[in-house]
Each structure stands twice: as C-alpha cells, then as structure tokens.
Amino acid sequence: MTDPFGFLTTPREPVPARSSEERLGDWSEVYAGQFLLPLISRQARRCMDCGVPFCHGGCPLGNLIPEWNVYAAHGDWLAASERLHATNNFPEFTGRVCPAPCEDACVLALTEEPVTIKNVEQAIADEAWSLGHVRAHPPERPTGRSIAVVGSGPAGLAAAQQLTRAGHGVTVFERSDRIGGLLRYGIPAFKLEKRHLERRIAQMREEGTRFRPGVDVGTDLDVTALRDAHDAVIVAVGATEPRELGVPGRTLEGVHLAMEYLTAANRVAEGDRERPSVTAEGRDVVIIGGGDTGTDCLGTALRQGAASVVHLDINPVRGTSRHAEEPWPLVHPRIHRSSHAHEEALHRDGADPRVFSAASVRFDEGADGRVGAVRIALVDPSDRTPRPGTERSLPAQLVLLALGFRGPGHDTRLAAGLGLVPDDRGNFARTADFAARRTDGSPSTGGPGPAGVFVAGDAGRGQSLVVWALAEGRSAAAAADRYLMGSSSLPAPVAATDGPLV
C-alpha cells in the first residue's frame, strides 16, 4: 500500500503548468516537459487505498485508481501501466483532456484536497511509452468475422481496438481526411498534441485494425455495400449537429461555429495550410458559450493574436465549494472553475475575459459589411430571459458560437440505410446493450432493431466526456462480440442507460 499517513503529511501539489507567457508563444501542450516523477510518486502516496474507493464510480471506465497509485508511489511504472491499461485503451488522452470527475469523487474531497489522479494517470501513460511498455497486442487467432466501425473518435477507436484484439477483422471508416474525429480536429494541440494520437493509430495498425479515412459512409460508400461486407456495424459518429443561436444578424460574415474555427486552426497545425481560413488575428473576438469548447476557442484566439477576447456565459458565476444540493460524492459539482486559457487571458490582458449571466440578443453589422458588434444583455437566472435596461454593445469582428451539440445527424443516408431513428433526446435510439433500436411511432417505445448494428459514444448518449466515449466504445465492442460469438469475455464497464453519479 501507499504511505498510510501520506494524505496527512503531504499537501496536494498539482503538476505546475508552463508559464502563461511561454504557453502563449507556442502551440505545445500546457504541461510539456513538466511531469517530474518524484512529484508524481509523492502525490500518489496521498491515496488512502479506501475500503470503498468512490473514484471508481466517478470514472465510467472503472479505472483501478488506488491500485495504480500504489505502483506509481513505489516507482513501478510497468505494473502501474498494466493496471491503467486494464480499463482504459488510451490513458494518455484522458490524462490530458478529461476534466477528472474521479477527483471530485475522491474520498479525500470530503474534507481535504483530492489526490491529483489526472496528473498521476498522464505520468503513468507517458512513462509507459517512454520505457517501451506499450506494445501492440495482435489477436492469437482470427474469428473470421468482420466489423465496420463508422467514426474514429474515442468511442470508435476504443471499440475497434477491443474487437481487433478479440480476433475480428475491423475496419474503421472516417469521413474526414484523417483518423481521430474530435481528438484530431476538435481539440487544440495545446491540450493534446497529435503525436499521441498518431502513436496509438500506429499501434492499432500493427494489431490489425484497418483504417479508411476520407470515406463518408452513405455518400462515398453505399450503406448496403457496407452491410453486405461486414457481419456487424458499430456507429460511433459522435454528436455533430451544433446548437444554433437564432438572433438577428446570425448570417453576417464573421459569425462562425466553434468547430469550424477550431478545425481551421488544427489544420494549420497539421501542415495543411500556412494560415487558417478563420482567424482571430488582430480582431476583437466574442465567444458565446461557457463550456470546454468555448475555452478551447479562447486559448486558440489568444495564440492567434486576437486584439481582445470576451467569453460569454449565460450561467451565473458559481461559488467555490459544493452546493448543499450537490453533496459528495456527486461528481464534477457546478463550482467556479478557471481553465488554463482563462489564466492566459488574465496574464495577457490583466482581466478575466468572462462575462457571466449574459446572453447575446443580436449581431450588428460593421462598416465593412461583416459583423462589427455583439449586443448583449444580462439575464434573469431563473429563466435566462434578458433583463430590460441591461443591454450593451461589445466590439466584435469575429464571433464564435460554442453552444454545444444537439446530437448526430438524422437526415443522412447512413441513418436511413441502417434504420437508425432518434430517441426522445435527439440521439440514435438504442437498447441498454447498445443495439440500434427501431421505433414504431413513439421515441420511448421500440421494436426489434436492425440486426448487428450498434450505437456507441455521443451518437447515442449525446454530448459527453471522453471517458464516457471510451467506456461506451468498450461496452459496445463487448455487445458486438457477444452478438457475433454468442458470448464475450470483453469488459463492458457501462450500459447505454447508465449515467454519472447523481
């Protein structure tokens, strides 16, 4: 076990990020080169090895956190890596981009600062790669069954790797020109350098997974041909339909969806272009939407040299501790949090860029015919309606809409060809075992679904965290394996109907 008094004698000490000034000068990761192993081992010793480790429940993957904390505390990086990879296909991804609900569920969080679980996870994963502990695991024998995975985000990749290792012939189809989905084009390099993604893709190729980027199933490849060529299909296309803002001036040039903007920036990082097609350079920028996508836009705009940035959040500013209605161990409580992008804005401009309890009421045209300003108003917290007399104008030559996503696209040849239909939340309807479900008129009632078709990740759950996507990919893989083979030894950490601790 770890030091039984570690949580009493050692204070929480997160890995320090690089300075804001340094980060703003490049696109490298916030923590590049900062993971000092003695610090990580010291922090891992704070883990109490609880009798009931609620961190397991905080993470849908069921990560064996106390176990790999013990190994990290003693510097046994091989054993730590084995325990980490036992439940997580891609811990270097989650260690970088997951908001760590496991830390909110840590027993120490009852009265103290929780263990730095996310830092330990990333350090174990990176050390495993550095020491050569991460190797390909091709199957011992083929099953003769073939599976198509449509979508190459975290859910699709996790499902593909599990099924390939089980011996099935797996082909991943991706409509974009590169594999990775949201990991590739939706997350900036300063949060996830793409070399980590390329490394995993190479591992999966060596194991036998086949990749077909640039293939939009339903357009470039007939859905019937896909079904005829494969014994099962896993749909992991994500929640790609953006939430819109229906206010006057929405069609003005210079008002863009966040993913359009982030994709353009990531394509520059990939070497496709010298300059992004949409840039914040020299412009007053207003970002609408207070979630992670909004903060990704903020960090990107600062690095591109925006003249000014304002980040609008319709929610009121939160307190710094759990509300009485959100007692421990409810995960990820609604408290005031600052991202590294907010710290960078504070460093550069001397002020937090966020405006809370604010809604956009219209976009005004500038002298050049593009958007020139955003008219905002404070809102009533109870119903989010604009309050009279609180309107003001913000200069803006670039407006980014980061309002989240409504679900997957339903009016597509893929959905029609596979018989996919919406549930009452706008996602693809499915059973608790991830099988696609047909409906007979009511989204909440269903008959038998299209045989051998499964839905995983945000396409069935709705917009969620990367750990949920990975957990769903692993579970959908187990369901598909069971469908094909009659039984399965693959782990299934969640059911499609599961949700976070509430």
Side-chain angles (χ1 to χ4, degrees), residues 89-90 139 143 145-176 179-183 201 204 207-213 215-218 221 223-240 407-409 412-415 417-421 423 427-438 449-462 464 466 468-485 488 490-496:
N89 296 72
F90 314 120
T143 65
R145 304 299 182 92
S146 63
I147 300 174
V149 177
V150 184
S152 68
L157 291 178
Q161 186 168 64
Q162 293 293 95
L163 290 165
T164 297
R165 290 175 173 180
H168 303 302
V170 180
T171 303
V172 178
F173 296 88
E174 168 57 52
R175 65 180 178 181
S176 186
I179 297 298
L182 187 69
L183 297 170
I201 293 171
M204 293 177 67
E207 291 171 347
T209 303
R210 295 180 293 274
F211 295 99
R212 292 192 60 186
V215 177
D216 187 354
V217 178
L221 175 64
V223 178
T224 301
L226 178 83
R227 289 293 284 125
D228 290 344
H230 298 89
D231 299 304
V233 177
I234 293 181
V235 178
V237 295
T240 56
T412 65
R413 293 176 181 175
L414 173 68
L418 294 179
L420 303 174
V421 292
D423 62 15
N427 305 311
F428 287 140
R430 57 187 184 168
T431 68
D433 200 29
F434 299 92
R437 183 191 294 274
R438 290 188 186 276
V453 178
F454 301 85
V455 178
D458 290 2
R461 175 169 295 275
S464 190
V466 65
W468 277 100
L470 293 177
E472 289 223 353
R474 290 169 67 88
S475 299
D481 185 45
R482 190 179 308 111
Y483 166 79
L484 293 173
M485 308 302 292
S488 178
L490 293 178
V494 297

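Scope of the values below: all heavy atoms of this structure, side chains included, with no hydrogens, waters or symmetry mates. The model shown is predicted, which means the values in this text are computed figures rather than measured ones.
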Partners passing side-chain contact (heavy atoms from CB on, under 4.5 Å) against Ala495 (at least two apart in sequence or in another chain)
Thr497, Asp498

Per side chain to side chain contact (heavy atoms under 4.5 Å, CB included), Phe434 is matched among Ile234, Val235, Val494 by Val494

On a heavy-atom basis, which atom in Ala415 and which in Gly409 lie closest, and how many Å separate them?
CB-O, 4.3 Å

Residues in side-chain contact (heavy atoms from CB on, under 4.5 Å) with Ala225, at least two apart?
Leu221, Asp222

Sorted by chain and number, sequence neighbours left out, side chain to side chain donor-acceptor pair (under 3.5 Å) with Thr209 holds for Thr164

CG of Asn89 to CG of Leu470: how many Å apart, nearest 0.5 Å?
6.5 Å

For Asp481, which residues count as a side-chain contact (heavy atoms from CB on, under 4.5 Å) partner, sequence neighbours excluded?
Leu163, Ala166, His168, Met485, Ser488, Leu490

If you round to the nearest 0.5 Å, how far is CG of Leu414 from CZ of Phe428?
6.0 Å

Which residues share a side-chain contact (heavy atoms from CB on, under 4.5 Å) with Pro491, sequence neighbours left out
Gln162, Arg474

Sequence neighbours excluded, which residues qualify as ring pair (Phe, Tyr, Trp, His ring centres under 6.0 Å) partners of Tyr483?
Phe454

Side-chain heavy atoms of Val217 within contact of Leu418, under 4.5 Å
no

Could you walk me through whether Arg437 and Val421 satisfy the side-chain contact (heavy atoms from CB on, under 4.5 Å) test, starting with their C-alpha distance in whole Å, then the side-chain angles of each, then the deciding distance to 0.1 Å, before giving a yes or no?
CA-CA 7 Å; Arg437 183 191 294 274; Val421 292; 5.9 Å; no

Tell me which pairs pass salt bridge (charged side-chain N to carboxylate O under 4.0 Å, His left out) where either residue lies in residues 157-173, with sequence neighbours left out.
Arg165-Glu207

Under a 3.5 Å distance rule, please check whether Ser464 uses its side chain to pair with a backbone N or O of Trp468 as donor and acceptor.
no

Nearest heavy-atom pair of Ala159 and Ala477: which atoms, and what distance?
O-CB, 3.8 Å

For Asp433, what residues pass the salt bridge (Lys or Arg N to Asp or Glu O under 4.0 Å) criterion, not counting sequence neighbours?
Arg482

Return the minimal non-hydrogen interatomic distance between Ser146 and Ala229, and the atom names on each side.
OG-O, 3.2 Å

Between Val455 and Leu420, is any pair of side-chain heavy atoms under 4.5 Å apart?
yes

Let's go through Ile147 and Leu484 carefully: what are the C-alpha distance in whole Å and the side-chain angles of both, what is the deciding distance for side-chain contact (heavy atoms from CB on, under 4.5 Å) to 0.1 Å, and is it a yes or a no?
CA-CA 10 Å; Ile147 300 174; Leu484 293 173; 3.5 Å; yes

With sequence neighbours left out, write down each residue that passes side chain to side chain donor-acceptor pair (under 3.5 Å) with Arg210, or none if nothing qualifies.
Thr171

I'd like to check Ser176 versus Pro213 (side-chain heavy atoms, cut-off strictly below 4.5 Å). Are they in contact?
no

Measuring from Thr412:OG1 to Arg175:CZ, what's the distance to the nearest 0.5 Å?
9.0 Å

Does the side chain of Arg212 reach to within under 4.5 Å of the side chain of Val215, using non-hydrogen atoms?
yes

Just so I know, are the side chains of Phe211 and Val149 near enough to count as touching, which here means a heavy-atom distance under 4.5 Å?
no

On a heavy-atom basis, which atom in Ala148 and which in Leu226 lie closest, and how many Å separate them?
CB-CD1, 3.7 Å

Taking the side chain as every heavy atom from C-beta outward, state whether Asn427 and Arg461 have any pair of such atoms under 4.5 Å apart.
no

Which heavy atom in Ser152 sits nearest to a heavy atom in Gly181, and how many Å separate them?
OG-N, 3.5 Å

Looking only at heavy atoms, the pair that brings Pro408 and Gly238 closest together is CB-O, 3.5 Å

